[in-house]
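Step one of this worksheet: look at the structure below.
First the proteins, then the strands, lettered A, B, ... as listed; each starts at 1. Treat the numbers as computed from the prediction; the structure is a model and nothing was measured. When reading the values below, keep in mind they use all heavy atoms of this one structure, side chains included, and skip hydrogens, waters and symmetry mates.
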There are 2 protein chains.
Amino acid sequence: MSGQELKTEERILEAAGDIFGNKGFKDTTIRAIAQAANVNIAAVNYHYRDKMGLYGAVLEDVFQTGFSRFPAQSGQDLTSTPEQRLRTFIQAMFLRLQSAEGWGGFSGKGRLIARELLDPSPAFEPVIERYIRPHKDLLVSIIKDILQTDPGQQILLSCAISIIGQCIYYSFASKVIDKISVENRPTEENIERLADFVWTFSLGGIARIREDLIISGEEQR
Amino acid sequence: MSGQELKTEERILEAAGDIFGNKGFKDTTIRAIAQAANVNIAAVNYHYRDKMGLYGAVLEDVFQTGFSRFPAQSGQDLTSTPEQRLRTFIQAMFLRLQSAEGWGGFSGKGRLIARELLDPSPAFEPVIERYIRPHKDLLVSIIKDILQTDPGQQILLSCAISIIGQCIYYSFASKVIDKISVENRPTEENIERLADFVWTFSLGGIARIREDLIISGEEQR
DNA sequence: AGAAAAATAAAACATTTGTTTTAACACTTC
DNA sequence: GAAGTGTTAAAACAAATGTTTTATTTTTCT
């Protein structure tokens with residue numbers, strides 16, 4: 001072995017995560033990954049069959065570690081209020097997307113999910129079923145508890161999209177946000193504050209939607 | 001001229017907008033554009049110097065037509081409430097991003113902005129200054145009017161990001177949203193409803209932020 | 001109409017890049 | 001320790017693709 005910490009296969013996975021995240025699938029060259037991982041070009045094909053195979057492995061790895069390190073619900077969630085559960089959910093989302101121990105915020109793997117949302121690859125399909133959909137279901141159930149009524153899938157989903165959209169936009173548009181306002185850059189120190197802002201904003205949003213539901217419900221009588 | 005409606009230069013611009021939007025810069029080949037535009041490959045280089053030159057022209061054209069067709073404020077905005085102005089702003093944003101007369105929603109140019117937010121190209125810089133920044137300033141001033149107080153740039157910006165994030169997420173993640181819930185797909189018929197949902201949600205969010213400001217303001221005394 | 005300029009077309013070029021091949025090396029197992 | 005298996009390295013290949021060149025056609029201007 002060539003005297004490095006991790007072995008070839010893992011070094012490739014690590015380097016590939018960063019470069020794929022930063023530049024996207026097409027813009028990433030196997031040669032760049034090989035160089036960053038200090039590995040021969042052929043090693044990539046040897047271990048992962050082809051570029052797409054490597055990408056699929058990266059995707060699975062990134063989601064696996066991200067969701068296990070920052071679960072969307074904490075242990076004592078069953079006893080806490082739905083509002084608190086929403087806070088846990090949003091905080092985890094920000095930490096997962098932005099923190100260095102997570103997907104590395106600015107120059108890291110967090111942008112992989114943004115890329116997949118924009119241009120889903122075949123490798124994303126299983127990730128959706130295993131991670132995204134349950135994640136969405138959890139959020140919807142939290143929202144339902146906050147609303148204290150079931151307004152139907154359409155409105156629940158709209159609420160969920162509004163919340164997720166806020167969170168992901170920070171990692172999505174980070175470069176432009178940075179250009180316009182440094183203070184709102186999702187750095188390590190800002191993460192918690194930004195997450196709590198989104199939390200408060202979303203609670204207000206849900207509350208207003210609830211009021212609207214009640215009003216239109218009364219009108220219908 | 002080869003018996004087509006528009007002349008070569010414009011046909012290239014039109015085709016390039018769609019393909020760049022759908023597949024991104026790197027994934028788009030000049031040959032594909034030439035074929036879609038019914039034009040020789042060399043015509044692209046002849047009229048736009050190189051691929052990047054064409055991309056820059058597309059970007060400018062897309063933003064120019066988008067913002068002139070769907071301005072973020074209507075004529076009588078000065079007399080209307082800030083809440084109504086926010087509604088106009090959000091509706092315009094959805095129409096711009098999603099309608100067929102705008103940036104074409106699902107398979108169109110709306111995704112160009114998403115791509116630029118993720119990976120800003122040099123050609124985006126002037127677009128930011130000419131369109132994005134004034135657009136942001138307008139939104140911030142509306143929010144300030146709704147809050148009836150100035151909480152400082154940081155919170156104003158956070159509000160703006162939360163609102164913009166919701167809007168853009170629909171065009172950003174449209175493919176995945178479609179996979180999870182067809183009802184929330186931003187089609188022509190859904191646009192207005194979705195925009196009004198985001199509007200209501202955001203008004204609630206801003207209201208809650210305002211309450212928080214007042215509380216923390218009183219505590220400080 | 002004729003010359004000059006602009007536009008279009010076809011082919012050739014040069015570069016990048018994913019992949020394969022072949023050989024050398026390292027490690028495991030009996 | 002030798003055979004076999006797994007891994008790494010260098011070079012070669014083949015396809016894709018942006019760009020240029022050169023020739024031809026069309027348009028414009030006087």
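- Computed from coordinates, the B/K26 NZ to C/dT16 P distance equals 11 Å when rounded to whole Å.
- Nearest to the side chain of B/T29, among D/dT8, D/dG18, C/dT19, sits D/dG18.
- Taking atom CZ of residue B/R49 and atom C1' of nucleotide D/dG18, one finds them 14 Å apart after rounding to whole Å.
- Using a cut-off of 4.0 Å between Lys/Arg side-chain N and Asp/Glu carboxylate O, A/K109 and A/E14 are scored as salt-bridged.
- What separates CD of B/E10 from C1' of C/dA7 is a distance of 15 Å, to the nearest Å.
- OP1 or OP2 of D/dT8 has at least one side-chain nitrogen or oxygen of A/H47 nearer than 4.0 Å.
- Between B/N45 atom CG and D/dT22 atom P the separation is 16 Å, expressed in whole Å.
- We find that CD1 of B/I33 is positioned 11 Å from C1' of D/dG18, with the value rounded to whole Å.
- Distance NZ (B/K7) to C1' (D/dT28): 13 Å, rounded to an integer number of Å.
- Atom CZ of B/R133 has more than 12 heavy atoms from other residues, nucleotides or ligands within 6.0 Å.
- Closest to the side chain of A/T8, out of C/dA7, D/dG18, D/dT8, is D/dT8.
- Taking every side-chain heavy atom of A/A42 into account, D/dA10 is the closest of D/dT19, D/dA10, C/dT17.
- Both tests pass for A/K51 against the ring of A/F25: distance under 6.0 Å to the centre and angle within 45° of the axis.
- No more than 12 heavy atoms of other residues, nucleotides or ligands shown are found within 6.0 angstrom of CD on B/E192.
- Candidate nucleotides C/dT19, D/dT19, D/dG18 were compared by shortest atom distance to the side chain of A/I41, and C/dT19 ranks first.
- Note: NZ (A/K51) to P (D/dA15) measures 18 Å, nearest angstrom.
- The A/I30 side chain lies nearest to C/dT19 when the options are C/dT21, C/dT19, D/dT8.
- If you find the closest nucleotide of DNA chain D to A/E9 and to B/M52, the one lying nearer the 5' end belongs to A/E9.
- Atom CD1 of B/I12 and atom C1' of D/dG18 are 14 Å apart (whole Å).
- Nearest to the side-chain atoms of A/N40 among the listed nucleotides C/dT19, C/dA6, D/dT8 stands D/dT8.
- Nearest to the side chain of B/Y46, among C/dG18, C/dT21, C/dT8, sits C/dT8.
- In this structure, the separation between NZ on B/K7 and NE2 on B/H47 is 9.5 Å, given to the nearest 0.5 Å.
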